[in-house]
Amino acid sequence: MVIDFLGSTGFSFSGDLSPDELRNLGGASIPSPVELASIVDRTIPGPGGELPVRIYRPNDDQSLPVVVFFHGGGWVIGGLDSHDHLARVLANKADCVVVAVDYRLAPEAKFPAAADDAVAAFEWVLDNAAELGVDTDRVAVAGDSAGGNLAAVVAVHARDTDRVEVVQQVLIYPVTDGTCDRPSMTDNAEGYFLTRDGMEWFHGHYANDDADRTHPRYSPILADLKGVAPAVVVTAEYDPLRDQGRAFAEALTEAGVEAEYHEFEGMFHGFFSMDAGIDAAGDAQDKVAAALREAFSA
(Lines give C-alpha, C1' and ligand atoms only; values in the text may rest on other atoms or scores of the structure.)
Protein backbone atom coordinates (compact mmCIF):
# COMPACT_ATOMS: atom_id res chain seq x y z
CA MET A 1 0.00 0.00 0.00
CA VAL A 2 1.34 3.43 -0.93
CA ILE A 3 0.69 4.89 2.53
CA ASP A 4 2.63 2.03 4.16
CA PHE A 5 5.58 2.63 1.82
CA LEU A 6 5.61 6.36 2.55
CA GLY A 7 5.55 5.61 6.27
CA SER A 8 8.51 3.22 5.94
CA THR A 9 10.65 6.02 4.49
CA GLY A 10 10.17 8.11 7.63
CA PHE A 11 8.64 10.89 5.54
CA SER A 12 5.30 11.97 6.96
CA PHE A 13 3.35 15.10 7.79
CA SER A 14 2.83 14.18 11.44
CA GLY A 15 4.47 17.28 12.91
CA ASP A 16 7.23 15.41 14.76
CA LEU A 17 10.17 16.87 12.84
CA SER A 18 11.76 20.28 12.43
CA PRO A 19 11.32 22.13 9.12
CA ASP A 20 14.90 21.35 8.10
CA GLU A 21 14.53 17.67 9.01
CA LEU A 22 11.33 17.38 6.99
CA ARG A 23 12.88 19.19 4.03
CA ASN A 24 15.89 16.87 4.09
CA LEU A 25 13.72 13.76 4.26
CA GLY A 26 11.70 14.95 1.31
CA GLY A 27 14.76 14.71 -0.92
CA ALA A 28 14.74 15.19 -4.66
CA SER A 29 11.80 14.38 -6.87
CA ILE A 30 11.52 11.09 -8.74
CA PRO A 31 12.41 11.70 -12.40
CA SER A 32 9.30 12.30 -14.46
CA PRO A 33 8.63 10.34 -17.66
CA VAL A 34 6.77 13.32 -19.15
CA GLU A 35 8.85 15.01 -21.86
CA LEU A 36 8.18 18.57 -22.98
CA ALA A 37 9.53 20.91 -25.62
CA SER A 38 11.43 22.98 -23.03
CA ILE A 39 11.88 23.44 -19.30
CA VAL A 40 13.69 26.60 -18.20
CA ASP A 41 14.77 27.71 -14.72
CA ARG A 42 15.16 31.41 -14.02
CA THR A 43 14.59 34.01 -11.32
CA ILE A 44 12.15 36.89 -11.23
CA PRO A 45 11.81 39.93 -8.94
CA GLY A 46 9.88 39.30 -5.74
CA PRO A 47 8.90 41.36 -2.71
CA GLY A 48 11.56 39.64 -0.61
CA GLY A 49 14.22 39.24 -3.28
CA GLU A 50 14.66 37.05 -6.34
CA LEU A 51 12.11 34.26 -6.78
CA PRO A 52 13.04 31.06 -8.62
CA VAL A 53 10.52 29.90 -11.21
CA ARG A 54 10.48 27.00 -13.64
CA ILE A 55 8.79 27.44 -17.01
CA TYR A 56 7.36 24.37 -18.73
CA ARG A 57 6.45 24.54 -22.43
CA PRO A 58 4.74 21.63 -24.22
CA ASN A 59 5.45 22.93 -27.74
CA ASP A 60 6.86 25.92 -29.62
CA ASP A 61 3.56 27.74 -30.13
CA GLN A 62 4.17 31.34 -29.01
CA SER A 63 0.59 32.08 -27.98
CA LEU A 64 -0.20 29.31 -25.53
CA PRO A 65 -2.47 29.50 -22.51
CA VAL A 66 -0.62 29.67 -19.19
CA VAL A 67 -1.06 28.23 -15.72
CA VAL A 68 0.69 29.89 -12.79
CA PHE A 69 1.34 26.99 -10.41
CA PHE A 70 2.05 26.98 -6.67
CA HIS A 71 3.41 23.87 -4.98
CA GLY A 72 2.11 22.33 -1.78
CA GLY A 73 3.97 21.57 1.43
CA GLY A 74 2.17 23.49 4.13
CA TRP A 75 4.01 26.71 3.21
CA VAL A 76 7.04 25.09 4.94
CA ILE A 77 8.43 22.43 2.58
CA GLY A 78 8.33 21.61 -1.11
CA GLY A 79 9.65 23.41 -4.15
CA LEU A 80 10.26 23.21 -7.86
CA ASP A 81 11.80 19.74 -7.72
CA SER A 82 9.21 18.15 -5.42
CA HIS A 83 6.42 19.16 -7.81
CA ASP A 84 8.26 18.84 -11.11
CA HIS A 85 6.21 15.85 -12.28
CA LEU A 86 2.90 17.51 -11.40
CA ALA A 87 3.87 20.63 -13.35
CA ARG A 88 4.94 18.53 -16.34
CA VAL A 89 1.65 16.66 -16.27
CA LEU A 90 -0.37 19.89 -16.29
CA ALA A 91 1.65 21.32 -19.19
CA ASN A 92 1.37 18.11 -21.19
CA LYS A 93 -2.27 17.19 -20.57
CA ALA A 94 -3.70 20.72 -20.72
CA ASP A 95 -1.40 21.83 -23.58
CA CYS A 96 -0.30 25.00 -21.82
CA VAL A 97 2.74 26.76 -20.45
CA VAL A 98 3.14 26.21 -16.72
CA VAL A 99 5.07 28.71 -14.62
CA ALA A 100 5.89 27.03 -11.31
CA VAL A 101 6.77 29.40 -8.48
CA ASP A 102 9.28 28.74 -5.69
CA TYR A 103 7.79 31.14 -3.12
CA ARG A 104 9.44 31.87 0.23
CA LEU A 105 8.90 29.23 2.92
CA ALA A 106 7.96 29.48 6.58
CA PRO A 107 9.02 29.76 9.32
CA GLU A 108 11.85 31.81 7.82
CA ALA A 109 9.23 33.85 5.96
CA LYS A 110 5.86 33.84 7.71
CA PHE A 111 2.44 34.94 6.46
CA PRO A 112 1.85 36.85 4.24
CA ALA A 113 5.21 36.22 2.53
CA ALA A 114 4.04 33.24 0.46
CA ALA A 115 0.87 35.05 -0.58
CA ASP A 116 2.84 38.17 -1.51
CA ASP A 117 5.24 36.09 -3.61
CA ALA A 118 2.35 34.30 -5.33
CA VAL A 119 0.73 37.59 -6.32
CA ALA A 120 4.07 39.01 -7.48
CA ALA A 121 4.74 35.97 -9.67
CA PHE A 122 1.27 36.14 -11.16
CA GLU A 123 1.77 39.83 -12.02
CA TRP A 124 5.20 39.06 -13.49
CA VAL A 125 3.67 36.53 -15.85
CA LEU A 126 1.20 39.15 -17.06
CA ASP A 127 3.95 41.75 -17.46
CA ASN A 128 6.15 39.36 -19.44
CA ALA A 129 3.56 37.52 -21.50
CA ALA A 130 5.16 38.43 -24.83
CA GLU A 131 8.56 37.13 -23.75
CA LEU A 132 6.97 33.98 -22.35
CA GLY A 133 4.90 33.41 -25.48
CA VAL A 134 1.61 33.16 -23.60
CA ASP A 135 -1.88 34.52 -24.13
CA THR A 136 -3.12 36.72 -21.27
CA ASP A 137 -6.71 36.05 -22.34
CA ARG A 138 -6.14 32.46 -21.25
CA VAL A 139 -4.58 32.59 -17.79
CA ALA A 140 -5.26 30.08 -15.01
CA VAL A 141 -3.91 29.52 -11.50
CA ALA A 142 -3.35 26.17 -9.86
CA GLY A 143 -1.89 24.58 -6.77
CA ASP A 144 -2.08 21.62 -4.44
CA SER A 145 -2.60 21.81 -0.65
CA ALA A 146 -0.94 25.04 0.54
CA GLY A 147 -0.37 25.83 -3.14
CA GLY A 148 -4.12 25.55 -3.65
CA ASN A 149 -4.50 28.08 -0.88
CA LEU A 150 -2.19 30.46 -2.75
CA ALA A 151 -3.96 29.87 -6.06
CA ALA A 152 -7.27 30.81 -4.43
CA VAL A 153 -5.68 33.93 -2.95
CA VAL A 154 -4.34 34.95 -6.35
CA ALA A 155 -7.77 34.40 -7.93
CA VAL A 156 -9.27 36.87 -5.45
CA HIS A 157 -6.43 39.31 -6.18
CA ALA A 158 -7.08 39.03 -9.92
CA ARG A 159 -10.78 39.75 -9.37
CA ASP A 160 -10.00 42.77 -7.22
CA THR A 161 -7.42 44.31 -9.55
CA ASP A 162 -9.46 43.55 -12.69
CA ARG A 163 -6.33 43.57 -14.81
CA VAL A 164 -6.98 40.21 -16.42
CA GLU A 165 -9.72 37.62 -16.16
CA VAL A 166 -8.47 34.34 -14.73
CA VAL A 167 -10.35 31.69 -16.67
CA GLN A 168 -9.85 28.83 -14.19
CA GLN A 169 -8.54 28.10 -10.74
CA VAL A 170 -7.39 24.53 -10.09
CA LEU A 171 -7.44 23.67 -6.39
CA ILE A 172 -6.09 20.23 -5.49
CA TYR A 173 -6.94 19.27 -1.88
CA PRO A 174 -6.53 22.95 -0.96
CA VAL A 175 -6.08 24.56 2.45
CA THR A 176 -8.96 27.03 2.51
CA ASP A 177 -9.74 27.56 6.20
CA GLY A 178 -7.27 27.82 9.06
CA THR A 179 -9.92 28.85 11.57
CA CYS A 180 -12.20 25.85 12.11
CA ASP A 181 -12.14 22.14 12.81
CA ARG A 182 -14.26 20.41 10.17
CA PRO A 183 -15.25 16.73 10.58
CA SER A 184 -12.60 15.35 8.22
CA MET A 185 -9.90 16.80 10.46
CA THR A 186 -11.11 14.39 13.15
CA ASP A 187 -12.23 11.49 10.95
CA ASN A 188 -8.87 11.41 9.14
CA ALA A 189 -6.71 12.70 11.97
CA GLU A 190 -4.16 9.87 11.77
CA GLY A 191 -3.01 7.13 9.46
CA TYR A 192 -3.40 8.79 6.08
CA PHE A 193 -0.04 10.48 5.44
CA LEU A 194 -1.10 14.05 6.34
CA THR A 195 -2.30 14.12 9.94
CA ARG A 196 -4.29 16.58 11.99
CA ASP A 197 -1.24 17.26 14.19
CA GLY A 198 0.85 17.77 11.08
CA MET A 199 -1.57 20.34 9.73
CA GLU A 200 -1.45 22.22 13.02
CA TRP A 201 2.35 22.08 12.82
CA PHE A 202 2.24 23.74 9.39
CA HIS A 203 -0.17 26.42 10.59
CA GLY A 204 2.07 27.04 13.59
CA HIS A 205 5.03 27.76 11.35
CA TYR A 206 3.21 29.87 8.76
CA ALA A 207 1.01 32.01 11.02
CA ASN A 208 2.44 34.79 13.14
CA ASP A 209 -0.46 34.44 15.59
CA ASP A 210 -4.04 33.16 15.71
CA ALA A 211 -5.33 36.39 14.20
CA ASP A 212 -3.56 35.59 10.92
CA ARG A 213 -5.84 32.60 10.44
CA THR A 214 -8.89 34.85 10.15
CA HIS A 215 -7.39 36.93 7.35
CA PRO A 216 -8.94 36.25 3.92
CA ARG A 217 -5.47 35.87 2.41
CA TYR A 218 -4.80 33.09 4.92
CA SER A 219 -8.29 31.52 4.86
CA PRO A 220 -9.70 32.34 1.41
CA ILE A 221 -13.06 30.80 2.35
CA LEU A 222 -13.52 33.93 4.49
CA ALA A 223 -13.02 36.22 1.48
CA ASP A 224 -15.76 37.73 -0.65
CA LEU A 225 -15.80 35.18 -3.47
CA LYS A 226 -18.30 36.84 -5.77
CA GLY A 227 -16.87 37.23 -9.26
CA VAL A 228 -13.73 35.13 -8.81
CA ALA A 229 -12.63 32.66 -11.47
CA PRO A 230 -14.49 29.37 -11.99
CA ALA A 231 -12.88 26.51 -10.12
CA VAL A 232 -12.23 22.82 -10.32
CA VAL A 233 -11.67 21.42 -6.82
CA VAL A 234 -10.19 17.98 -6.17
CA THR A 235 -10.28 16.31 -2.75
CA ALA A 236 -9.45 12.88 -1.32
CA GLU A 237 -11.76 10.82 0.89
CA TYR A 238 -9.12 10.09 3.55
CA ASP A 239 -7.63 13.57 3.81
CA PRO A 240 -7.92 15.85 6.85
CA LEU A 241 -8.43 18.71 4.36
CA ARG A 242 -11.28 17.01 2.48
CA ASP A 243 -14.07 19.08 4.03
CA GLN A 244 -12.20 22.36 3.51
CA GLY A 245 -12.10 21.73 -0.22
CA ARG A 246 -15.75 20.68 -0.31
CA ALA A 247 -16.81 23.72 1.74
CA PHE A 248 -14.87 26.04 -0.54
CA ALA A 249 -16.55 24.62 -3.64
CA GLU A 250 -19.92 25.13 -1.91
CA ALA A 251 -18.98 28.70 -0.94
CA LEU A 252 -18.03 29.47 -4.54
CA THR A 253 -21.36 28.11 -5.76
CA GLU A 254 -23.24 30.18 -3.19
CA ALA A 255 -21.35 33.25 -4.45
CA GLY A 256 -22.52 32.54 -7.98
CA VAL A 257 -19.20 31.09 -9.17
CA GLU A 258 -19.09 27.90 -11.20
CA ALA A 259 -17.32 25.20 -9.17
CA GLU A 260 -16.66 21.68 -10.40
CA TYR A 261 -16.04 19.36 -7.45
CA HIS A 262 -14.43 15.90 -7.47
CA GLU A 263 -13.90 13.81 -4.34
CA PHE A 264 -11.85 10.67 -4.97
CA GLU A 265 -12.92 7.68 -2.92
CA GLY A 266 -10.20 5.72 -1.16
CA MET A 267 -7.58 8.38 -1.82
CA PHE A 268 -5.40 10.37 0.57
CA HIS A 269 -3.56 13.70 0.64
CA GLY A 270 -0.83 13.77 -2.00
CA PHE A 271 -2.26 11.13 -4.33
CA PHE A 272 -2.66 13.45 -7.34
CA SER A 273 0.96 13.17 -8.52
CA MET A 274 1.23 9.38 -7.94
CA ASP A 275 -0.09 8.29 -11.34
CA ALA A 276 2.75 5.78 -11.74
CA GLY A 277 1.10 3.55 -9.14
CA ILE A 278 -2.43 4.87 -8.57
CA ASP A 279 -5.01 4.81 -11.36
CA ALA A 280 -7.17 7.38 -9.58
CA ALA A 281 -4.32 9.89 -9.84
CA GLY A 282 -4.40 9.67 -13.62
CA ASP A 283 -8.18 10.03 -13.55
CA ALA A 284 -7.90 13.15 -11.38
CA GLN A 285 -5.26 14.62 -13.66
CA ASP A 286 -7.48 14.02 -16.68
CA LYS A 287 -10.43 15.77 -15.04
CA VAL A 288 -8.29 18.79 -14.18
CA ALA A 289 -6.76 18.91 -17.65
CA ALA A 290 -10.19 18.66 -19.27
CA ALA A 291 -11.46 21.57 -17.16
CA LEU A 292 -8.43 23.65 -18.15
CA ARG A 293 -8.73 22.86 -21.84
CA GLU A 294 -12.41 23.75 -21.78
CA ALA A 295 -11.70 27.04 -19.99
CA PHE A 296 -8.90 27.88 -22.43
CA SER A 297 -11.12 27.22 -25.45
CA ALA A 298 -14.13 29.21 -24.21
Side-chain angles (χ1 to χ4, degrees), residues 2 13 29 32 34 56 67-75 77-80 82-94 96 98-101 103 114 118 140-155 166-177 184 188 192-194 198-199 202 220-221 228-252 258-276 278-295:
V2 175
F13 297 125
S29 63
S32 174
V34 179
Y56 300 81
V67 173
V68 187
F69 175 77
F70 309 103
H71 68 80
W75 310 282
I77 63 174
L80 300 178
S82 66
H83 285 64
D84 179 69
H85 176 61
L86 200 162
R88 289 173 184 247
V89 164
L90 289 178
N92 181 55
K93 291 193 173 187
C96 62
V98 172
V99 180
V101 182
Y103 54 87
V141 293
D144 67 311
S145 195
N149 169 278
L150 298 176
V153 167
V154 172
V166 171
V167 298
Q168 187 79 64
Q169 49 180 323
V170 174
L171 312 177
I172 303 164
Y173 28 78
V175 184
T176 66
D177 191 352
S184 62
N188 302 323
Y192 302 109
F193 192 36
L194 176 64
M199 199 62 232
F202 286 124
I221 200 168
V228 301
V232 55
V233 182
V234 172
T235 64
E237 180 182 8
Y238 297 114
D239 184 352
L241 300 181
R242 180 196 66 210
D243 292 349
Q244 292 191 27
R246 180 188 297 162
F248 194 72
E250 292 171 351
L252 288 168
E258 182 179 349
E260 179 182 333
Y261 178 70
H262 302 284
E263 181 181 313
F264 283 81
E265 294 182 359
M267 291 297 102
F268 55 93
H269 195 83
F271 85 96
F272 189 88
S273 61
M274 300 180 184
D275 50 297
I278 300 177
D279 290 342
D283 293 341
Q285 293 168 4
D286 289 342
K287 288 186 183 299
V288 163
L292 282 168
R293 289 195 303 269
E294 182 177 353

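Numbering starts at 1 and runs along the sequence shown. The basis for the numbers below is simple: all heavy atoms, side chains too, and nothing from hydrogens, waters or symmetry mates.
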Under the side chain to side chain contact (heavy atoms under 4.5 Å, CB included) rule, what do Y261 and L252 come out as? Steps first, then yes or no, please.
CA-CA 11 Å; Y261 178 70; L252 288 168; over 6 Å; no
Side chains of T235 and L241: closer than 4.5 Å at any heavy-atom pair?
no
Any side-chain heavy-atom pair of Y56 and N92 under 4.5 Å:
no
V232 side chain near H262 side chain, heavy-atom distance below 4.5 Å
yes
Sorted by chain and residue number, the ring pair (Phe, Tyr, Trp, His ring centres under 6.0 Å) partners of Y238 (sequence neighbours excluded) come out as Y192
Side-chain contact test, heavy atoms from C-beta onward, threshold under 4.5 Å: evaluate it for S273 versus V89 and give yes or no.
no
Mind checking side chain to side chain contact (heavy atoms under 4.5 Å, CB included) for S184 and listing every partner two or more places apart, or none if nothing turns up?
N188, R242, D243
List the atom of A280, the atom of F271, and the distance in Å for their closest heavy-atom pair.
O-CE1, 3.8 Å
To the nearest 0.5 Å, atom CG of D239 lies from atom CD of Q244 at 9.0 Å
Work out which heavy atom in Q168 is nearest to a heavy atom in A295; give both atom names and the distance.
OE1-CB, 3.5 Å
Determine, step by step, whether H71 and L80 satisfy the side chain to side chain contact (heavy atoms under 4.5 Å, CB included) criterion, reporting the C-alpha distance in whole Å, the side-chain angles of both residues, the deciding distance to 0.1 Å, and the verdict.
CA-CA 7 Å; H71 68 80; L80 300 178; 5.7 Å; no
Between CG on residue N149 and CG on residue D177, distance to nearest 0.5 Å:
10.0 Å
A side-chain contact here means heavy atoms from C-beta on lying under 4.5 Å apart; do L171 and F248 qualify?
yes
Taking every heavy atom of A281 against every heavy atom of F272, the minimum-distance pair comes out as CB-O, 3.6 Å
Tell me the closest heavy-atom pair linking A151 and A142, and the distance in Å.
CB-C, 3.7 Å
Side chains of L292 and V67 in contact at under 4.5 Å (non-hydrogen atoms):
yes
Which pair of heavy atoms, one from A289 and one from A94, lies closest together, and at what distance?
CB-N, 4.1 Å
H85 to S32 - nearest heavy-atom pair and separation
ND1-OG, 2.6 Å
Residues in side chain to side chain contact (heavy atoms under 4.5 Å, CB included) with A118, at least two apart?
F70, L150, V154
Hey, does F264 have a side-chain heavy atom less than 4.5 Å from the side chain of V234?
yes
Test of ring centre spacing under 6.0 Å for Y173 and H269:
yes
For residues 265-275, pull every pair meeting salt bridge (charged side-chain N to carboxylate O under 4.0 Å, His left out), keeping only residues two or more places apart or in separate chains.
none
Kindly check if the number of other-residue, nucleotide or ligand heavy atoms within 6.0 Å of CD (E263) is above 12?
yes
Those residues at least two apart in sequence (or on a different chain) that pass side-chain hydrogen bond (donor to acceptor under 3.5 Å, both in side chains) with D283 are none
For K287, look at atom NZ and say whether over 12 heavy atoms of other residues, nucleotides or ligands are found less than 6.0 Å away.
no
So do P240 and M199 actually touch side chain to side chain, heavy atoms under 4.5 Å?
no
Taking only residues two or more places apart in sequence, or in another chain, which ones meet F69 in a ring pair (Phe, Tyr, Trp, His ring centres under 6.0 Å)?
none
Measure from the side-chain N and O atoms of Q169 to the backbone N and O of A229, and report whether any donor-acceptor pair falls under 3.5 Å.
yes
